[in-house]
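Atoms considered below: every heavy atom in the structure, side chains included; atoms not considered: hydrogens, waters and symmetry mates. Chain A is the first sequence line, chain B the second, and so forth, proteins listed ahead of strands; every chain is numbered from 1.
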2 protein chains.
Amino acid sequence: MISQTMEDYLAAIYRVEGPTHRATTGAVARRLGVSAASASAMFHKMADSGLVRYREYLGVTLTASGRLQATQIVRRHRLAERFLTDMLGIGWERVDKVADQMEHALPEEVTESFARVLGDAARCPHGYPIPSTSGEVAVRETVSLAELATGGGGQVAWVSEDDPVVLATLARRGLVPGAEVHVLVGAPGAKRRVVQVEGRAAVSLQMGLLQAVAVEVAMDARP
Amino acid sequence: MISQTMEDYLAAIYRVEGPTHRATTGAVARRLGVSAASASAMFHKMADSGLVRYREYLGVTLTASGRLQATQIVRRHRLAERFLTDMLGIGWERVDKVADQMEHALPEEVTESFARVLGDAARCPHGYPIPSTSGEVAVRETVSLAELATGGGGQVAWVSEDDPVVLATLARRGLVPGAEVHVLVGAPGAKRRVVQVEGRAAVSLQMGLLQAVAVEVAMDARP
DNA sequence: AACATGGTTTAGAGACGACTAAATCATAGG
DNA sequence: CCTATGATTTAGTCGTCTCTAAACCATGTT
């Protein structure tokens, strides 16, 4: 049995470690709201349990076992989010916080019932993939909307934000997973971009908002 | 903010304290699966927080504040049970354990969404009343089916058991909340009773099972 | 190559909640 | 009335997770 605290760390590491597969002490500590010292101590214990490999001063990497367990926690979290929006009608800008509390308390049985009644949803309301029970995760190649220039565009894959205000704003503009978006005006160095979402009127958005939107560029439009 | 452990104690005290409004250290400790020493220590802290009155060696009594908070935890628990059976199709014999884990993790918002989609259910699947948000609880006068003799009968109000095997057995016999039941053969001292449930064929049941069934005797049949 | 800076780790200590063993109390029986 | 018995409380520890303060390391700058 793995403690609830350790589960929190596991999920945090999973979400923090980027393509380099390395999560630093500070980044994990910040995400969990604990001191770096606490995270460092926990990393030692997790390494002893075989959940991570720990290179001192450089950060941790999930082992196969750790990664599998992390995906299952994330699966619970994202299924819970999907459930909260689809079945209970709770706004997508609030479900992340609520699901945080639920992800530890959901027995396997309930998680799988969620999956069943949701028709085996593939993504959470923010667009992130829901890992399968065996730990597989669908990957998509994306670019931040902030990195696209005039003429660029594609389909919104996910929105990486947890600030409710930002999420609500983006939703009001139609910037939700699945939407087609195109940059009408946007010089590479500019502070704002004018974008068009689906059939809507064009809107001007600042970089802060654009950075949160991950876009999958269509195959035939790739450089 | 009140700790999750304290919430567990609060709910346990609420369920243990009988009509005398007193919960003993041992009874609470047994229900929570902790030592009496641990419960004793916790009672001191809860008394300091104003949740209970504590008479040493005699047990605790919920204060108004403690009682209100306890009812809200029980509300979450019973709404979760109702949700698990009605919306997810999980068997009534297993939902108690599952809801135990969920009762701390359900934010107000989710609890009230449950209540809404469940049409403000009045009782949990086992028949216990679901407290209102203001802490009111509907009371019913009941007698254990084991205490009724030949000719007695009424409506099953609730089933006070958490052993899945017992619950499954009772359900198979039709002994679920709302069912009309009558004692066909049952001397006051006997080990078994022959009972008839609704329109079914009569069955003989042992005291162990009968004791779990709380029956509301019809007004005109009261002694 | 030496150093300044910022992130990371160790040291020391505290809150919480659990346990066992020993002491204490309440109460029923003689 | 006194004592035996069982329940309850106190005393002393332990494990987990957290913190701050101080020592340490990796890196980029001069």
Inset, instruction - Consider the side chain of B:Ser35, meaning its heavy atoms from C-beta on, and name the nucleotide among C:dC25, C:dT20, C:dA18 that approaches it most closely. - result: C:dT20

Inset, instruction - Output every pair passing salt bridge (Lys or Arg N to Asp or Glu O under 4.0 Å) with a member in residues 17-31 of chain B, not counting sequence neighbours, ordered by first then second residue. - result: B:Glu17-B:Arg67

Legend entry - Basic-acidic side-chain contact under 4.0 Å: A:Arg140, A:Glu216: yes

Legend entry - Under-4.0 Å salt bridge between B:Arg75 and B:Glu136: no

Inset, instruction - Between B:Leu58 and A:Ala36, name the one whose nearest nucleotide on DNA chain C is closer to the 5' end. - result: A:Ala36

Inset, instruction - Could you check how far CE of B:Met42 sits from C1' of D:dT9, rounded to whole Å? - result: 16 Å

Inset, instruction - Would you mind classifying the nucleic acid contact of B:Tyr9 as base, sugar-phosphate or nothing, using non-hydrogen atoms under 4.0 angstrom? - result: sugar-phosphate

Inset, instruction - Measure from the side chain of B:Thr25, starting at C-beta and using heavy atoms only, and say which of D:dT18, D:dT8, C:dT9 lies closest. - result: D:dT8

Legend entry - B:Tyr54 side chain, from C-beta outward: closest of D:dT16, C:dG17, D:dT8: D:dT8

Inset, instruction - Counting heavy atoms from C-beta on, name the nucleotide in D:dT10, C:dT24, D:dC25 closest to the side chain of A:Tyr57. - result: D:dC25

Legend entry - Among C:dC16, D:dC17, C:dA18, the nucleotide that comes nearest once only the side chain of B:Thr5 is considered: C:dA18

Inset, instruction - If the plane angle is over 60° it's perpendicular, under 30° parallel, otherwise tilted; pick one for B:Tyr9 and B:Phe43. - result: perpendicular

